[in-house]
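It should be emphasised that the depicted structure is a prediction, and the values quoted were computed from it without experimental measurement. Chain identifiers are assigned alphabetically (A, B, ...) following the order of the sequence lines, protein sequences preceding nucleic acid strands; residue numbering begins at 1 within each chain.
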Amino acid sequence: MRRAEIRRNWLLATPALILLLAAASGPLLIAVVYSVLEPGDYSGVVWKLSGEGWFRVLFNRDIFDDTVSLADAHLTIFWRSASLSLMTTFFTLLLGFPTAYFIATRPLRQRMLWLFLVTIPFWTNLLIRTFAIMEVIRNEGIANSTLMALGLIDAPIQMLYTDASVLAGMVYVYLPLMVLPLYASLDRLDFRLVEAAYDLYASRIAVLRRVIIPLVKPGIVAGSILVFIPSLGAYVTPRVLGGGKNMMISNLIELQFGEGRNWPLGAALSITLLAFVMVALIFYVRNMAGEQRNG
Amino acid sequence: MRERTGSIEEPTENGDATARRPMVEARSVSKVFGSGDSELRALDAVSVTIREGEFFTLLGPSGCGKTTLLRMIAGFEHPSDGAILLDGADISGLPPYRRPVNTVFQSYALFPHLTVAGNIAFGLEMLGRPAAEVADTVERMLRMVRMEAMRDRLTSQISGGQQQRVALARALAPQPKVLLLDEPLSALDLKLRKEMQIELKRLQTETGITFVFVTHDQEEALTMSDRIAVMRDGQILQIGSPHEIYERPADHFVASFIGETNFLAATVETRTGERGRIRLPGGLVAETDLFESMAPGDAVAAVIRPEHLRVQPAGSGSGLAATVATIVYLGTDTQYHLRLESGEMLVARVQNGPSGSPGLADGAAVEASFAPTAVRVLRD
Ligand SMILES: Nc1ncnc2c1ncn2[C@@H]1O[C@H](COP(=O)(O)OP(=O)(O)OP(=O)(O)O)[C@@H](O)[C@H]1O
Ligand SMILES: [Mg+2]
């Protein structure tokens with residue numbers, strides 16, 4: 001590219017860059033600053049430097065005798081966030097791969113229709129969809145009443161407000177984010193290679209393991225990142241389907257800015273979440289860089 | 001279709017091919033794609049026997065069903081009717097990975113995520129061969145196709161001709177009973193193509209594996225094959241050695257598809273047994289084999305190859321009187337387009353001697369003569 005062209009392209013990108021910088025770095029800066037201040041009595045912050053916000057991410061200080069103990073509740077929430085997000089990624093991959101494979105192997109004209117069907121959930125507000133799930137799985141909901149009417153169970157099964165219901169909800173919400181990049185990869189896959197593998201004595205499983213998965217790995221990684229990162233920050237799903245006790249990080253953060261009235265802790269938790277996301281992204285970038293090096 | 005005396009499968013000239021046992025047999029195999037209005041009969045009751053160690057070529061124009069037949073031997077398509085036998089056993093129900101048959105694909109279909117050596121090892125690994133054996137065989141294959149230096153390259157980092165050789169090595173490594181090659185040379189430029197033709201022939205002789213080769217290039221088929229099956233519209237028209245196919249084409253299509261040829265309207269004069277006398281335009285007569293159904297008085301099509309025609313100035317002998325319409329200089333040969341008195345056109349190909357082409361000019365009156373044995377009649 002010529003120099004003038006490069007300069008022009010930068011100029012074209014400037015408004016977006018300014019917006020991005022302002023929108024991304026502004027709040028981040030505020031969060032960083034608030035995390036090292038003292039909480040106000042009712043809400044907000046007092047402009048006095050303090051490490052208490054960060055300290056409370058991992059530890060508890062007894063109100064009466066100041067004894068320090070590990071913040072078990074927080075650790076549980078971190079663990080739940082990480083494990084639920086990983087499981088969400090795993091299950092969306094498990095369900096999304098066959099779906100994407102199915103779509104990619106349809107005749108060209110049908111594919112658009114199937115892709116369109118996959119994106120339909122995006123048309124409705126997340127909150128409404130989540131309440132719909134709640135309606136299905138709550139004790140008096142459709143699932144339980146059907147099972148009881150069929151005589152399969154005597155009493156309703158507690159499905160709502162469990163980790164499992166949060167997981168199911170997240171898998172449902174993020175499945176399209178997995179299917180689309182997987183489809184993009186599978187669409188580019190040369191199915192003649194699959195035939196070549198069959199010809200060379202590879203069974204169906206071997207073809208999947210040795211040819212298809214290695215070739216669509218970029219799609220698998222992209223889909224996993226697209227699912228894992230928002231899962232980690234999921235707020236609505238755990239709030240509605242997990243109730244008050246099956247919190248994830250976002251719910252904990254919201255609690256600190258709301259009822260907890262501890263903005264510095266909330267800010268410190270936000271940055272902790274950001275750190276989690278950064279780790280996942282670094283993993284992704286490294287993986288992709290490795291891919292590039294190998295062709 | 002009328003049958004020639006005996007079968008269309010004539011004894012081959014390198015007699016050992018018929019002596020060997022059948023390796024691939026197609027028994028009245030049909031393949032129908034689609035249904036209803038869009039029904040397409042890609043193969044129509046095709047029967048062929050390919051023998052062990054043969055270099056067998058399927059030759060025919062685009063869309064005649066060559067790939068379809070090959071894919072059925074490989075197991076990617078299943079016959080709508082008929083059976084396919086491999087080494088005496090019916091394999092119609094076996095998936096591709098259970099057939100001791102490997103394919104060299106037209107697009108090569110090399111695995112882009114594996115190295116050259118990784119590609120060659122793939123089939124052996126899938127067969128569960130011990131690592132030491134895999135390594136040995138891969139080395140041997142790399143040497144055989146002269147790719148030792150490229151062993152650790154990715155397949156995207158080697159040239160088209162090298163990819164072709166890797167594809168060959170990959171398909172040969174598991175030592176299949178039959179190697180299927182679907183127009184493997186069509187993506188290569190002419191020079192490389194000639195080199196690879198020789199290379200392929202060498203590999204086939206070295207390994208002794210049965211090759212089933214698909215091409216629509218008649219010259220390639222003639223130079224490489226032990227036997228050729230000429231196909232058209234899902235049917236096999238003739239099976240025979242290159243010599244037979246070229247010298248004794250069974251019908252009009254085979255004659256015109258394989259090399260250049262002249263067609264002449266003739267009449268059967270007399271018949272004795274399988275042979276007979278035919279009368280050509282200009283009052284010439286020739287002795288030749290006749291088909292069973294041909295009787296004296298029948299109008300038949302006779303063919304004569306351009307290189308079997310001699311061109312001389314008029315009045316020098318007993319030939320077909322003609323005038324020179326066009327002269328095409330081809331380096332080794334000169335091609336004369338001759339117009340007969342009846343208006344029919346005839347092409348003669350005359351080899352150029354050390355003193356260049358015989359001095360004939362456009363419009364010259366000439367005579368085209370030929371040995372009586374150079375004429376053949378066609379089935380239709
Ligand atoms: N999967 C398929 N579905 C429908 N029709 C097909 C299919 N495969 C092949 N055909 C048709 O069957 C006929 C024979 O095809 P085939 O590929 O065997 O021809 P070919 O002799 O290999 O031609 P080419 O020299 O162009 O490769 C063609 O008319 C083709 O359109
Ligand atoms: Mg073909």
Could you look at B:Arg170 and say if it's the side chain, the backbone, both or neither that has a heavy atom under 4.5 Å from chain A? both

Where do A:Tyr201 and B:Met126 come nearest, in terms of heavy atoms and distance? O-CB, 3.5 Å

Tell me if the CD1 atom of A:Ile120 is crowded by more than 12 foreign heavy atoms within 6.0 Å. yes

Can you confirm whether A:Phe122 is buried at CZ, in the sense that more than 12 heavy atoms of other residues, nucleotides or ligands lie under 6.0 Å from that atom? yes

Honestly, the part of B:Leu110 sitting under 4.5 Å from a heavy atom of chain A is backbone

Residue pair A:Leu215 / B:His113: nearest heavy atoms and the distance that separates them: CD2-ND1, 3.5 Å

Residues, nucleotides or ligands: over 12 heavy atoms within 6.0 Å of B:Arg98 CZ: no

Check salt bridge (charged side-chain N to carboxylate O under 4.0 Å, His left out) between B:Glu39 and all other residues, then give those that pass, not counting sequence neighbours. none

Give, as side chain, backbone, both or neither, the part of B:Glu125 having an atom under 4.5 angstrom from any heavy atom of chain A. side chain

Flag yes if more than 12 heavy atoms outside B:Phe76 fall under 6.0 Å of its CZ atom; otherwise flag no. yes

Applying ring pair (Phe, Tyr, Trp, His ring centres under 6.0 Å) to A:Trp10 and not counting sequence neighbours gives none

Tell me whether B:Arg202 at atom CZ has more than 12 heavy atoms from other residues, nucleotides or ligands lying less than 6.0 Å away. yes

Tell me the residues of residues 179-199 of chain A whose non-hydrogen atoms fall below 4.5 Å from those of chain B, in number order. A:Arg192, A:Leu193, A:Glu195, A:Ala196, A:Ala197, A:Tyr198, A:Asp199

For chain A, which residues of residues 129-152 of chain B have at least one non-hydrogen atom nearer than 4.5 Å to it? none

